[in-house]
K.L.:
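Before we start, here is the structure in question, set down as C-alpha cells.
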Amino acid sequence: MTTSGALLGAEFGSVWTRVLLLDVVDHEYRIIARSEGLTTIGAPINDVLVGLRRQLREMAQNGVRNLLDENNRIITPEREDRSGVDSFIATTSAGRALRALLVGLLPQTSLLAARRALSRTTVEIVEQIHLMDGRDEEQRLNAIILSRPDLILIVGGTEGGAQERLAKLVKEVQFAVALIDRNQRPVIVYGGNQALAEEVTERFEGLCECILTSNLMPAVGTMSLDGAQSAIATAYDAFFKRRDGRFSALGRLSAVGLRPSAESYALLAQYIQRVHGQSVALVDLGSASASVAYAEGGTLQLRTDARLGQGHSADTAWEDVGEAAIAAWLPFHPQPYEIQHYVLNKSLRPATIPVTLRELYLEHGLARANLRALMAEVQLTPRQGFAPQRILACGSTLTRTGDAFHSLLLLADSLQPLGIAEVYADPYSAAATLGAIAQVNSAAFVQVSETAFTRLGVLVSLHGNIAPERRAARLKIKTEDGETLRAEVKGGHLLSLPLPANAHLEIVLTTSRGVRVGRETRLRLKLEGGEGGILIDARGRAFVPAQDLAARAAQLPLWYHEATDRPAPEIPPEWLMVSTHQDDETTSNADDVLDDLRGEQPRRRRRLFSSAPKPDKGRGRRTTQEAKKTTVVTRSDDDDLEDEFAALIGEKPSAPDGAAKGQTGKKRATAPLDDDMDLRDLL
C-alpha cells in the first residue's frame with residue numbers, strides 16, 4: 001500500500017503519547033507538526049484514544065490543520081481543504097508484554113531461532129517446551145496452561161526433516177489450548193517443518209487463531225527469520241485487538257495495525273547501515289523497556305528487554321541488575337532502602353523526574369546500570385567488540401538531560417563504544433514510527449529518516465594500556481579560521497571540544513604507547529561538531545568508577561565538569577558518611593508481607609494434574625547470570641498479586657473455566673481437574 005498525501009504517526013509509550021504529522025514540503029516529506037501528552041492507558045480513563053484526541057485537538061488549535069471530524073474520528077483520506085490525512089499509523093511500547101511460550105525440538109537449535117525471531121517484539125518468555133525438557137505429557141500440559149501464554153510459537157524440523165516428534169508436540173499444544181477458557185486462548189504461530197503446516201491448521205481450526213509462516217530453520221545451520229517476525233507482529237496486533245480494550249480500537253484505525261516500536265528500530269537501523277555504510281547502534285531507554293538495535297556488515301541484532309526501564313519497570317530493573325550496579329555510579333552511601341524506595345516510587349509514578357541532585361544521581365545511576373545490562377545481551381565476539389560508527393539515542397532519559405554535553409557523557413558511560421562514533425538524538429520520537437510508516441509510504445520513510453534526528457556530536461574513545469594521570473594522547477587542532485591549537489588528554493579523564501553543528505575541525509591525534517583509537521595509533525581526522533561538540537574519552541574500555549567512595553565522590557563530578565565545561569557539583573560531606581542504622585534485610589517480598597497481614601503460613605499450591613512436578617518454593621530476585629541467559633525478557637504481569645489482595649479483603653478471585661490462573665512457582669490457587677476425567681473427553 002502506497003500513499004502520497006499527509007501522514008499521521010503516533011507512538012504510544014507507557015508514559016507519553018507522541019504524535020507526528022508528515023507532509024510534502026518542497027517536494028520532500030518533512031515533519032511539519034508534533035504534539036506530546038500523557039498516555040491515557042491507566043485508570044480512570046483506560047483508553048489511549050482519549051490522549052490521542054487531546055493531541056490532535058491541540059494541533060488544530062495551534063493552526064496546523066483539522067484532524068478530527070465532528071464525531072471525534074480521524075479524518076481519512078485527506079480532504080481538499082487540507083484537513084485530515086491519507087493514512088494513520090500507530091506503534092506502541094506501552095501495555096504489558098506478550099507472554100510467549102516456545103515449543104520446539106531442541107533448545108540450542110530451533111528454540112534459539114525462536115528467541116531471535118521474538119527479539120523485535122516486547123515479550124516475556126514464560127515457558128519453553130522441547131524434547132530435552134525431561135517432562136511427560138501431563139507435565140507439559142501443566143506448563144502450557146499455568147503459564148497463561150498470549151502467544152505460542154511452534155518451531156522445529158528442517159525441510160524434509162523431523163515430522164513425527166514435532167507432530168506429537170503440536171498435538172500436546174492442541175490438548176492444552178482446548179482446556180483454556182475461549183476468551184483467554186493464545187494466538188498460535190507455526191514456523192516449523194512445512195510438511196506439517198496443513199495438519200497444524202486443521203488442529204487449531206475453530207480452536208484459536210493460527211498463523212502460518214515459513215520455516216525458521218529450513219536447513220541445518222540456516223535461519224530465516226523475516227517471515228516469522230512479520231507473523232509475530234501480526235499476532236501482536238491481533239492480541240491487542242482481541243484482548244486489550246485500551247488498544248483494540250486503535251489497531252483498527254491504523255493502516256498497518258498496531259505495530260511494536262522495536263520493529264521500527266530494527267528497520268531504521270538496517271536502513272542507515274546500508275545507505276551510509278556505517279555500523280549503527282540505535283538505543284532506546286524508556287519507562288517500561290529498553291531496546292538496542294545493532295546493525296553491522298549486513299547483520300542485525302535486536303534486543304528488547306521490558307524488565308529494564310526507568311519508570312514502570314524500574315522495580316524489576318533493580319531486581320535484575322542488582323543494587324550494587326546502581327550504587328557503583330553514586331557519589332554517596334545510599335541509606336538503607338534508599339535505592340529500593342526510589343525505584344518503587346518510580347514504578348508507581350513513572351512520569352516523575354528528579355528534582356534534587358541526589359535524585360539525579362539515582363536516576364542516571366539506574367540508567368547506566370540498565371544500559372550496561374542491555375548491552376551484555378548483545379552477542380559480540382571479543383575481536384569485534386562494540387564499535388558503532390553512528391549512535392542514535394532515543395527516549396527521554398537519553399535525549400532530555402537538559403544538556404547535549406551531558407547526554408554525550410551519559411552515552412559514553414553507559415555504552416562504552418570503541419573507536420569514533422557520530423552521535424544523534426531523536427527528540428521527536430520519530431524512530432518509533434518511521435518503520436511502520438515505511439509500510440505505507442517508503443518515500444516518506446527515506447526522506448524523514450535523513451532530517452528527523454539532531455546531531456549531538458562525536459564521541460572519540462581511547463582504549464588499551466592507559467595509565468591513570470599519564471598522557472594518553474596528544475592533539476593538534478586546526479580550526480576553520482586557520483588557527484592551530486594543541487592539547488592533550490590524560491588517562492582517566494575526558495576532553496570536550498565545543499563545536500557547533502555544521503562547523504569542522506581538523507585534528508591530528510597521536511596516542512601514547514599502548515593506547516589506540518579503534519585499531520589506530522595516529523589519526524588525521526576532519527570532524528563535524530554538534531550540540532554537544534566533540535568528546536574525547538580517555539578512561540579506557542571497559543572502565544568502572546572508583547570503588548572507594550571518597551575517590552568516586554571526586555571522580556564523578558570531575559567527569560561532569562570535563563564533559564560539559566560547567567562547574568562540578570559539590571558533594572555535601574554528610575553524603576560520605578555511612579548510616580549507623582543497618583537492617584538485616586535489604587529487600588522485601590510482597591508475598592511475605594501478605595502472609596504476615598493474614599497471620600497465615602503460605603498456602604501450598606494445588607496442581608492441575610496429579611503427576612505434575614512440585615513447583616519451586618524459592619522466590620526472589622533473578623540473578624544477573626540468569627538474566628543474561630534470556631534473550632528477551634520483560635517484567636511479570638501485575639495481575640499476579642490481584643488474587644492475593646482479593647483474598648485479603650474477603651473476595652474470591654476469578655479464574656477461567658477449565659484452566660488454572662497463575663504461573664508455576666507462584667502462590668496461587670488453581671482449579672484442578674477431576675482425577676477420573678479423561679483429557680480427550682474435553683476435546
Side-chain angles (χ1 to χ4, degrees), residues 1-13 16-25 28-36 52 55 85-94 119-122 226 229-230 233 236-237 250 253-276 278 280-286 289 291-295 300 302 304 388 390-396 398-399 422-455:
M1 175 171 51
T2 302
T3 62
S4 57
L7 303 169
L8 183 67
E11 199 274 331
F12 296 85
W16 301 104
T17 295
R18 297 180 173 97
V19 181
L20 298 178
L21 179 62
L22 280 62
D23 206 349
V24 177
V25 178
E28 288 190 357
Y29 273 96
R30 293 288 185 269
I31 298 174
I32 63 171
R34 62 179 297 267
S35 184
E36 178 181 281
L52 174 63
Q55 307 312 312
V85 292
D86 271 9
S87 293
F88 169 65
I89 299 95
T91 61
T92 183
S93 57
S119 64
R120 292 193 180 189
T121 308
T122 306
D226 289 344
Q229 288 171 337
S230 178
Y236 181 89
D237 179 47
L250 183 65
L253 290 174
S254 176
V256 294
L258 188 62
R259 314 300 288 190
S261 300
E263 186 181 45
S264 288
Y265 296 152
L267 183 59
L268 182 60
Q270 287 178 305
Y271 167 78
I272 294 174
Q273 192 270 324
R274 291 174 183 174
V275 171
H276 295 277
Q278 295 177 311
V280 178
L282 188 154
V283 183
D284 175 42
L285 182 57
S289 63
S291 299
V292 57
Y294 185 44
L300 172 74
L302 177 65
T304 298
R390 180 177 294 210
I391 297 172
L392 177 56
C394 307
S396 298
L398 299 177
T399 62
E422 299 177 85
V423 184
Y424 292 81
D426 180 18
Y428 309 128
S429 293
T433 57
L434 281 175
I437 287 174
Q439 301 179 48
V440 176
N441 190 316
S442 58
F445 167 76
V446 171
Q447 293 162 10
V448 175
S449 295
E450 298 297 328
T451 59
F453 308 118
T454 301
R455 185 179 176 91

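Just the heavy atoms: all of them, side chains too, but no hydrogens, waters or symmetry mates, feed the values below. We number each residue from 1, following the sequence as shown.
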K.L.:
Under the salt bridge (Lys or Arg N to Asp or Glu O under 4.0 Å) test, which residues partner R18, sequence neighbours left out?
P.N.:
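R18: salt bridge (Lys or Arg N to Asp or Glu O under 4.0 Å) contacts with E36.
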
K.L.:
Who pairs with R30 by side-chain contact (heavy atoms from CB on, under 4.5 Å), at least two apart in sequence or on another chain?
P.N.:
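With sequence neighbours excluded, R30 shows a side-chain contact (heavy atoms from CB on, under 4.5 Å) to V25, E28, Q447, T451, given in chain and number order.
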
K.L.:
So, do V283 and V292 sit near enough that their side-chain heavy atoms are less than 4.5 Å apart?
P.N.:
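Yes. Closest side-chain heavy atoms under 4.5 Å.
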
K.L.:
List the residues meeting side chain to side chain donor-acceptor pair (under 3.5 Å) with E11, not counting sequence neighbours, and say none if there are none.
P.N.:
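Side chain to side chain donor-acceptor pair (under 3.5 Å) list for E11, sorted by chain: S93, S261.
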
K.L.:
If you compare all heavy atoms of L300 against all heavy atoms of A293, which two are closest, and at what distance to 0.1 Å?
P.N.:
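Here L300 and A293 meet closest at CD1-CB, 4.2 Å.
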
K.L.:
If you look at every heavy atom in A393 and L398, which pair is closest and at what distance?
P.N.:
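Minimum heavy-atom contact is CB-CB, 4.1 Å.
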
K.L.:
Nearest 0.5 Å, what's the CD1-CD distance between I391 and E422?
P.N.:
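Taking CD1 in I391 and CD in E422, the distance rounds to 10.5 Å.
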
K.L.:
Output the distance between atom OG (S87) and atom CG (L22), rounded to the nearest 0.5 Å.
P.N.:
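Here the interatomic distance stands at 11.5 Å.
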
K.L.:
Would you please test F445 and V440 for side-chain contact (heavy atoms from CB on, under 4.5 Å) and show each step?
P.N.:
CA-CA 9 Å; F445 167 76; V440 176; over 6 Å; no

K.L.:
Applying side-chain contact (heavy atoms from CB on, under 4.5 Å), name anything that partners F453, two or more places apart in sequence or on another chain.
P.N.:
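Expected list: L268, L392, Y424, D426, A430, A431, L434.
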
K.L.:
Of all heavy-atom pairs between L7 and A444, which one has the smallest distance, and what is that distance?
P.N.:
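Residues L7 and A444, closest heavy atoms: CD1-CB, 3.6 Å.
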
K.L.:
If I compare all heavy atoms of P427 with all of A425, which pair ends up nearest, and what's the gap?
P.N.:
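The pair with the smallest heavy-atom distance is CD-O, 3.1 Å.
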
K.L.:
Taking only residues two or more places apart in sequence, or in another chain, which ones meet S264 in a side-chain contact (heavy atoms from CB on, under 4.5 Å)?
P.N.:
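So S264 forms a side-chain contact (heavy atoms from CB on, under 4.5 Å) with T91, A436.
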
K.L.:
State, to 0.1 Å, how close G5 and D86 come at their nearest heavy-atom pair, and which atoms those are.
P.N.:
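Reported closest heavy-atom pair: N-OD2, 3.1 Å.
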
K.L.:
Can you measure from CD (E263) to CD (Q439) and round to the nearest 0.5 angstrom?
P.N.:
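So the CD of E263 and the CD of Q439 are separated by 5.5 Å.
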
K.L.:
In chain order, what residues pass the side-chain contact (heavy atoms from CB on, under 4.5 Å) check against A90, with sequence neighbours excluded?
P.N.:
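F12, F88, L250, S254, L258.
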
K.L.:
Flag the pair T304 / Y265 as yes when at least one side-chain heavy-atom distance between them is below 4.5 Å, and no otherwise.
P.N.:
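They are not in contact (no side-chain heavy atoms under 4.5 Å apart), so the answer is no.
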
K.L.:
With a 4.5 Å heavy-atom cut-off, do Y29 and V446 have their side chains touching?
P.N.:
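The answer is no, as the side chains (C-beta and beyond) never meet within the 4.5 Å cut-off.
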
K.L.:
Can you tell me how far the CG atom of L285 sits from the SG atom of C394, to the nearest 0.5 Å?
P.N.:
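Answer rounded to 0.5 Å: 10.5 Å.
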
K.L.:
Nearest 0.5 Å, please: how far is OG1 in T433 from CD1 in I89?
P.N.:
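Taking CD1 in I89 and OG1 in T433, the distance rounds to 8.0 Å.
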
K.L.:
Of all heavy-atom pairs between A281 and P388, which one has the smallest distance, and what is that distance?
P.N.:
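Answer, listing the atom of A281 first, then P388: CB-CB, 3.8 Å.
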
K.L.:
Calculate, to the nearest 0.5 Å, the distance between atoms OG and CG belonging to S291 and L282 respectively.
P.N.:
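Answer rounded to 0.5 Å: 8.5 Å.
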
